[in-house]
Every structure is written in C-alpha cells, then in structure tokens.
Number of protein chains: 2
Amino acid sequence: MQNIQNTLLTETVQLEEILSRLSWVSKRYISCQLNQFQITPPQFATLRCIAQKQNGVSMSDLSDHCQAVMPTMTGIIKRLVSRGLVERKPDPSDRRTTLILLTETGQQLLSEITQLRREYLDQYLLTLTLQERQSTIEILERYLQNMETWLLNQEAA
Amino acid sequence: MQNIQNTLLTETVQLEEILSRLSWVSKRYISCQLNQFQITPPQFATLRCIAQKQNGVSMSDLSDHCQAVMPTMTGIIKRLVSRGLVERKPDPSDRRTTLILLTETGQQLLSEITQLRREYLDQYLLTLTLQERQSTIEILERYLQNMETWLLNQEAA
DNA sequence: TATTGTTATACTCTATAACTATA
DNA sequence: TATAGTTATAGAGTATAACAATA
C-alpha cells in the first residue's frame with residue numbers, strides 16, 4: 001500500500017505536532033500574562049499594530065494587518081477607546097477615514113507589558129547558546145513570513 | 001539613568017516581537033486551515049487531546065490539558081458531540097465521571113486535517129537545512145515545556 | 001466534605017449582512 | 001459606483017458563581 005506519508009520529511013510529523021501545541025500554548029501563555037493588565041490577546045495585537053505608526057492607522061489598515069474583519073475591529077477599538085488606551089481622530093485628507101492612535105496611557109501600558117514579557121523571555125533565552133538564539137530568530141522570522149504570505153493569498157482567493 | 005533594558009540579551013527584544021506575532025499569526029493560520037473543515041482552534045486542540053488516550057479522557061483531565069476551565073470544556077464538547085465527532089461514555093469506576101472519546105468520524109476528520117497541515121509544513125521545511133530543522137524541533141520543544149511549566153505554576157498560585 | 005460535572009450569566013471575539021457617509 | 005466605517009445579529013469561547021450528583 002502506497003502511503004503518501006512516506007514522502008514527507010522525517011521532521012515534518014514531529015514539527016506539525018509542536019507547531020499545533022505552540023499556537024495553542026502560546027495563546028494561553030500570552031493570555032495569562034495579559035490578565036493582570038485586563039486586556040485580551042486580540043487587543044494586545046491591535047495595540048502593537050497601532051504603535052508601529054506614529055501618525056495613526058485607519059480602521060481598514062488595522063483590519064488588514066490584524067487579519068480581522070472590519071466589524072470585529074470596530075468592536076475591539078470601541079473597548080480600547082472606552083478604557084482610554086486609544087483614541088479616534090478624523091483624517092483631514094479623507095472624511096470617510098478615522099485614524100486610530102495610542103493615548104499616553106496606552107503607550108505606557110504597552111511598554112509595561114512588553115517589558116514584562118522581555119524579562120520572562122530573557123530568562124529562557126539564557127538557557128540557549130548564542131548560535132541557537134540567532135538561528136531561532138532567523139528560522140521563525142522566515143516561518144512567519146511564510147504564513148503571512150499564505151494568509152494574504154487566501155484572502156485574495 | 002540606569003535602564004533595566006540594558007541588562008537584556010540583544011536577541012530578547014527581537015524575539016519578544018517575533019513570538020508575539022507568531023502567537024497571533026499562527027492562530028489565524030490554523031484557523032484558516034480549519035475553516036474548510038468547519039471546526040475552530042479550541043475544538044482542534046480538544047480533538048488532539050482526546051486522541052492521545054485510547055480509553056477516553058475525563059472532562060477534568062481535558063480541562064487541565066487544554067488549559068480551559070470546566071464550563072468552557074462543557075460547551076466545546078457539547079458542540080463536538082452535536083457534530084458527531086466525539087461521544088460521552090460513563091466511567092464504570094466512578095459514576096461522577098464522564099469519559100470523552102473520538103468517534104470514527106472524529107478520528108477520520110482529525111487525520112485529514114493533520115495530513116493537510118503536514119503537507120503544507122513539509123514544503124516550508126524543505127527550505128531549511130537538516131541541521132536547522134533538527135535544532136528548531138529541539139528549541140521549540142524546550143520553549144513549549146518552559147511555557148507549560150509556567151502555566152502550571154500560575155494555576156497553582 | 002470534597003470532587004465531577006452542568007447550568008446560568010455576562011463579556012469578548014468572530015463573521016455576514018445591511019446600512020450611512022464620503023469619494 | 002466604490003470605499004470607509006458602523007450597526008445588527010448570531011454563534012463560539014471565556015470565566016465566575018451557583019447548583020446537582022456522587023465519592
């Protein structure tokens with residue numbers, strides 16, 4: 001009996017398992033870290049996305065970058081606004097567009113969270129060699145781009 | 001001014017960013033792969049967990065391993081039962097306990113999804129060297145155990 | 001009393017469809 | 001007509017609190 005699995009790399013089965021667990025466990029892990037700050041993973045991803053641009057991000061850009069549909073973003077932003085973490089500003093060049101910006105409170109919260117996460121991560125990274133750390137960065141970055149490209153293609157289709 | 005960030009490894013800032021993106025993007029990626037099978041990431045994680053034990057898993061074990069509280073599991077299992085993917089069986093040794101098992105349909109669906117994921121992943125892994133693939137497995141496995149241990153400690157506290 | 005599990009409730013995230021306002 | 005964004009609605013996941021049945 002010809003089994004298609006025979007053609008796979010020997011590491012593939014193992015890594016599919018690891019990456020499935022990683023997706024789930026890292027979500028629970030981040031969720032748990034965010035608990036004390038009273039924000040959720042989608043809100044965290046959104047805050048990070050907003051922080052990348054100094055002059056504000058439109059709802060549709062946010063929607064694209066966070067891979068969430070517009071009505072979903074509307075809800076997330078509404079909650080972030082009500083907590084005083086972001087604010088809406090009209091775009092002078094197009095009156096249909098609303099720009100979203102971090103408030104000072106939002107910036108402060110985001111950097112507190114990031115700092116905490118860095119400290120936790122640093123402890124783990126100390127258990128790796130320099131070479132391992134650098135190769136991890138390289139490989140995960142490529143893997144991320146791989147998934148992001150795939151997701152964009154799905155969207156187009 | 002003494003800045004705590006100065007004490008971090010140079011790779012830490014970069015990896016915190018990468019791991020945040022990874023958590024979010026891998027969730028969207030898996031979610032997108034699961035779409036055609038009409039199941040959600042928490043349902044997928046649950047099915048995998050059930051599949052690991054031949055003789056069924058209790059709700060409380062599921063709740064522990066999936067890191068979700070019992071009422072959450074009740075809901076997820078309810079939907080999986082209604083789709084015919086899992087079934088409940090009373091535990092003969094303790095009448096309080098319900099054992100959850102995969103149905104034949106559930107096993108089949110799970111292996112279809114896994115096969116699809118392996119094929120996608122395999123294509124990416126071909127772009128890595130053997131050494132890179134093996135070191136990725138080792139590093140991610142250790143990172144996972146790190147997070148899992150941390151989560152268990154949080155729960156205890 | 002302690003454990004196993006469900007139900008009730010409330011909130012967030014999610015997508016689709018319908019809508020408003022602007023270009 | 002097309003684009004930017006919101007509202008309405010429904011379903012899934014999440015946690016807390018209250019409850020029933022069994023140990």
Side-chain angles (χ1 to χ4, degrees), chain A residues 23-24 27-47 49 56-83 85-100 151 154-155, chain B residues 23-24 27-32 34-47 49 56-83 85-86 88-100 151 154-155:
Chain A
S23 177
W24 185 252
K27 185 213 152 191
R28 305 301 307 190
Y29 179 75
I30 288 189
S31 184
C32 203
Q33 288 182 324
L34 296 176
N35 256 348
Q36 60 184 293
F37 302 101
Q38 297 269 69
I39 71 168
T40 65
Q43 289 170 5
F44 181 53
T46 303
L47 287 177
C49 187
V57 196
S58 70
M59 291 299 288
S60 46
D61 282 353
L62 262 184
S63 173
D64 287 346
H65 291 126
C66 294
Q67 296 276 341
V69 117
M70 285 257 277
T72 300
M73 284 311 315
T74 300
I76 292 173
I77 294 299
K78 189 183 72 185
R79 275 160 237 128
L80 291 175
V81 167
S82 81
R83 290 210 32 209
L85 301 176
V86 307
E87 55 190 0
R88 297 179 209 251
K89 203 188 79 179
D91 181 346
S93 70
D94 185 338
R95 274 162 49 200
R96 293 172 302 180
T97 304
T98 310
L99 296 174
I100 313 295
L151 282 169
Q154 290 302 108
E155 204 177 322
Chain B
S23 176
W24 185 251
K27 184 211 153 192
R28 306 300 306 190
Y29 179 74
I30 288 189
S31 184
C32 204
L34 296 176
N35 256 350
Q36 60 183 293
F37 302 101
Q38 297 270 66
I39 70 167
T40 64
Q43 289 170 5
F44 182 52
T46 304
L47 288 177
C49 187
V57 196
S58 69
M59 291 299 287
S60 47
D61 282 354
L62 262 184
S63 173
D64 287 347
H65 290 126
C66 294
Q67 296 276 344
V69 117
M70 286 258 277
T72 300
M73 285 311 315
T74 300
I76 292 172
I77 294 300
K78 190 183 72 187
R79 274 159 238 129
L80 291 175
V81 167
S82 81
R83 290 212 29 209
L85 301 176
V86 308
R88 298 179 209 251
K89 204 188 78 178
D91 182 344
S93 70
D94 185 339
R95 277 161 50 199
R96 293 172 303 179
T97 304
T98 310
L99 295 174
I100 313 296
L151 283 169
Q154 291 302 106
E155 204 178 322

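Residue numbers begin at 1 in each chain, while the letters A, B, ... track the order of the sequences.
- Among the atoms of the strands shown, none is found under 4.0 Å from any heavy atom of A/Ser31.
- When rounded to the nearest whole Å, the span between CG of A/Asp64 and C1' of D/dG5 equals 14 Å.
- For the pair A/Arg88 CZ and D/dA4 P, the interatomic distance rounds to 16 Å; values are reported in whole Å.
- A/Val57 meets the side chain to side chain contact (heavy atoms under 4.5 Å, CB included) test with A/Lys53, A/Asp61, A/Leu62; sequence neighbours excluded.
- The stretch residues 66-78 of chain A touches DNA chain C through A/Val69, A/Pro71, A/Thr72, A/Ile76, each having a heavy atom within less than 4.0 Å of the strand.
- One atom, CG of B/Leu62, and another, P of C/dT4, lie 13 Å apart when rounded to the nearest Å.
- For D/dT22, the OP1/OP2 oxygens have no side-chain nitrogen or oxygen of B/Thr97 closer than 4.0 Å.
- Distance OG1/A/Thr40 to CD1/A/Ile30: 11.5 Å, rounded to 0.5 Å.
- Side-chain atoms of B/Arg28 lie closest to C/dA15 of the nucleotides D/dT14, C/dA15, D/dG5.
- Residues from residues 34-46 of chain A with heavy atoms under 4.0 angstrom of DNA chain C, sorted by number: A/Thr40, A/Pro42, A/Gln43.
- For B/Met59 and C/dT6, the CE to C1' distance is 9 Å, given to the nearest whole Å.
- In this entry the distance linking CZ of A/Arg83 with P of C/dC11 reads 15 Å, nearest Å.
- Atom CZ in B/Arg96 sits roughly 4 Å away from atom C1' in D/dA23 (whole-Å rounding).
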